[in-house]
Participant: 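I am attaching a structure below and will ask some questions about it afterwards.
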Number of protein chains: 2
Amino acid sequence: MSRSQPDRRAYERLRIEPVSTVDRVVEELRRAVFEGELPPGTPLREVALAESLDVSRSTVREALGALVAEGLADRVPNKGTQVRALDPEAIHDVGRARTVIEMAGLERWPVASEPARARVRAALAEFARVADTGASAAELTAAHLAIHAALAGLTESPRLEAMADTLYTEIKLALASVDRIRRNAGEQVHSHAGLVELLEAGRTEEAAAELRHHLDHAEQAMLGSLGWTLTDGDASGS
Amino acid sequence: MSRSQPDRRAYERLRIEPVSTVDRVVEELRRAVFEGELPPGTPLREVALAESLDVSRSTVREALGALVAEGLADRVPNKGTQVRALDPEAIHDVGRARTVIEMAGLERWPVASEPARARVRAALAEFARVADTGASAAELTAAHLAIHAALAGLTESPRLEAMADTLYTEIKLALASVDRIRRNAGEQVHSHAGLVELLEAGRTEEAAAELRHHLDHAEQAMLGSLGWTLTDGDASGS
DNA sequence: GATTGCCGGATTGTCGGACAATGCTAGCGG
DNA sequence: CCGCTAGCATTGTCCGACAATCCGGCAATC
């Protein structure tokens, strides 16, 4: 063994990602979904997409499979694939799940590695910056979720982080329908900053309580924002 | 609305699941992997599989995608798909992740729904029964994992349960290589029974400690059983 | 009038073949 | 010993096709 690698470390961070056609299709669909161009429930027809995107149906099919695996779409055998529609129950479940993971991360603050903690601080700073410069709603939520992702990162478990990521994906999906994101970004920043301060001060208990409160509140806000827009869809006229 | 449905309720429980060809292929591959017919690292060649299973390559491809999503295989672009090989680091991570989820479930014992608690008791009883009748190693681990799945079920969050399931899948995968499952099934039963007793008695703290200890121990046992069997595979003769 | 049987269009599931792009290996020449 | 090149194996993507299934409507039946 031991091929010649004199300066491996210098190149350690270099990475390239091969972009397959499928990847591009997935990316485009993801964008359209998050952008609200494809509202929840929209059927994703294979032939039509293939023609529109000028790729073969096989490619579209594979991309749709990826979307389903990602939680952005639902597939019913022999019926087709649709943009995922989240009901209040799903929102609640996402809330419960992420509470478990983020709380686990938070409790590990004292023993977490320095980079993991730094990531939380960095995410917080970035959120503050974004909130200040008054960015788009999507950017705001992205920055906000980055903080929570950093909290999940405190677990220092790739699997838990990945799980948290899928949850955040669902949240972004739910929020895609709601354009009127709450404007209280300032208050949000303050709340998170307080959370981190408590952590830095070693008052983990209080931080946990704060986080739990925050998550409960966030869930309520989300449900309130879109709870009634999705219940029973009585769109059938006639 | 309200079409005429006089006796809808009578049919409420009826369900059928369409079995697509892809499903069958996935099932067969899963079986082969768990059975050890396809050891970790085995390449899953598309054409060869297609010919062997007498299905088209498209179908195999889709099945492989499902396996990857399930965590049973890894796919490297332009190189192919292989049966997943778990390194010690992965084992450790699975351990951390499931600890978080199962602990969360356990802490919810007092407030969990009755069916959720009943599931734990049932799984425990089943494990004891299986251990008594001296079943196969695979059945034993399945019954064992069912207990832990029931613990995860205490969270009563479908998403967390699903996440736990993928973790258990990985554990089964890792254990597939190890035929010589620890024989101390009796002791295992005892340990879990004690855990549940503590829960029933409301001594949650002690139960948590017990579970944590059990999980740590299990991880050590797994690492010890296969830690050295998977490192560098020097199979190239010539 | 409600239920059932049947038909036609739309869509998905699966197939087979085809070809370019990529990765791997071995041989060739310097 | 090293780099280059050619060749082979395998995957990525495309195309066209057909059966299976779903859905809505319409006629037939009790």
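First the proteins, then the strands, lettered A, B, ... as listed; each starts at 1. Keep in mind that what you see is a predicted model, and the values were worked out from it rather than measured. Keep in mind that the numbers below use all heavy atoms, side chains included, and drop hydrogens, waters and symmetry copies.
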Participant: Pick base, sugar-phosphate or nothing for B:Leu44, based on heavy-atom distances below 4.0 Å to the nucleic acid.
Facilitator: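 Since only primed, P, OP1 and OP2 atoms lie under 4.0 Å of B:Leu44, the category is sugar-phosphate.
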Participant: Write down the protein N/O and nucleotide N/O pairs, taken from nucleotides 4-10 of chain C, whose separation is under 3.5 Å; answer none if there are no such pairs.
Facilitator:
none

Participant: Starting at OG1 of B:Thr155, measure out to CG of A:Asp93 and round the result to the nearest 0.5 Å.
Facilitator: 8.0 Å
Participant: Salt bridge check: are A:Arg117 and A:Glu114 linked by an N-O gap of less than 4.0 Å?
Facilitator: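 Judged by the 4.0 Å cut-off on N to carboxylate O distance, A:Arg117 and A:Glu114 do form a salt bridge.
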Participant: Checking the side chain of A:Arg98 only, and the main-chain atoms of A:Leu215 only, is there a donor and an acceptor separated by less than 3.5 Å?
Facilitator: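 Absent.
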Participant: Indicate yes or no: does B:Glu170 engage B:Arg84 in a salt bridge with an N to O separation below 4.0 Å.
Facilitator: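 Result for this pair is yes, salt bridge flagged.
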Participant: First and last nucleotide of DNA chain D in contact with chain A, 5' to 3', at under 4.0 Å to a heavy atom: what are they?
Facilitator: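 Both ends considered, the range comes out as D:dT13 to D:dC23.
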Participant: Atom CG of B:Leu53 and atom C1' of C:dT14: how far apart are they, to the nearest Å?
Facilitator: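 After rounding, the gap between these two atoms is 14 Å.
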Participant: Does the side chain of A:Arg96 reach to within under 4.5 Å of the side chain of B:Glu156, using non-hydrogen atoms?
Facilitator: yes
Participant: Tell me whether B:Glu126 is salt-bridged to B:Arg129, with the criterion being a basic N under 4.0 Å from an acidic carboxylate O.
Facilitator: yes
Participant: Are the charged groups of A:Glu37 and A:Arg31 less than 4.0 angstrom apart, N to O?
Facilitator: yes
Participant: How far does CG of A:Leu72 sit from CG of A:Leu29, to the nearest 0.5 angstrom?
Facilitator: 9.5 Å
Participant: Quick check on C:dT14: is either OP1 or OP2 less than 4.0 Å from any side-chain nitrogen or oxygen of B:Thr21?
Facilitator: yes
Participant: Find the distance A:Glu46:CD to C:dT14:C1' and express it as a whole number of Å.
Facilitator: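 That distance rounds to 11 Å.
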Participant: If you take all heavy atoms of A:Val26 and A:Glu70, which pair is closest and at what distance?
Facilitator: CG1-OE1, 4.0 Å
Participant: Could you write out each protein N or O paired with an N or O of nucleotides 17-24 of chain C at a distance under 3.5 Å?
Facilitator:
from, atom 1, to, atom 2, distance (Å)
C:dA18, N6, B:Arg57, NH2, 3.3

Participant: Taking the side chain as C-beta and beyond, is there a heavy-atom pair between B:Thr141 and B:Tyr168 under 4.5 Å?
Facilitator: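 Side-chain contact under 4.5 Å: no.
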Participant: Can you tell me the distance, in whole Å, between the CZ atom of A:Arg75 and the C1' atom of C:dT11?
Facilitator: 12 Å
Participant: Figure out the CZ/P separation between B:Arg61 and C:dG16, and round it to whole Å.
Facilitator: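 Nearest whole value for this atom pair: 17 Å.
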Participant: Can you tell me how far apart CG (B:Leu49) and CZ (B:Arg61) are? Round to the nearest 0.5 Å.
Facilitator: 12.5 Å
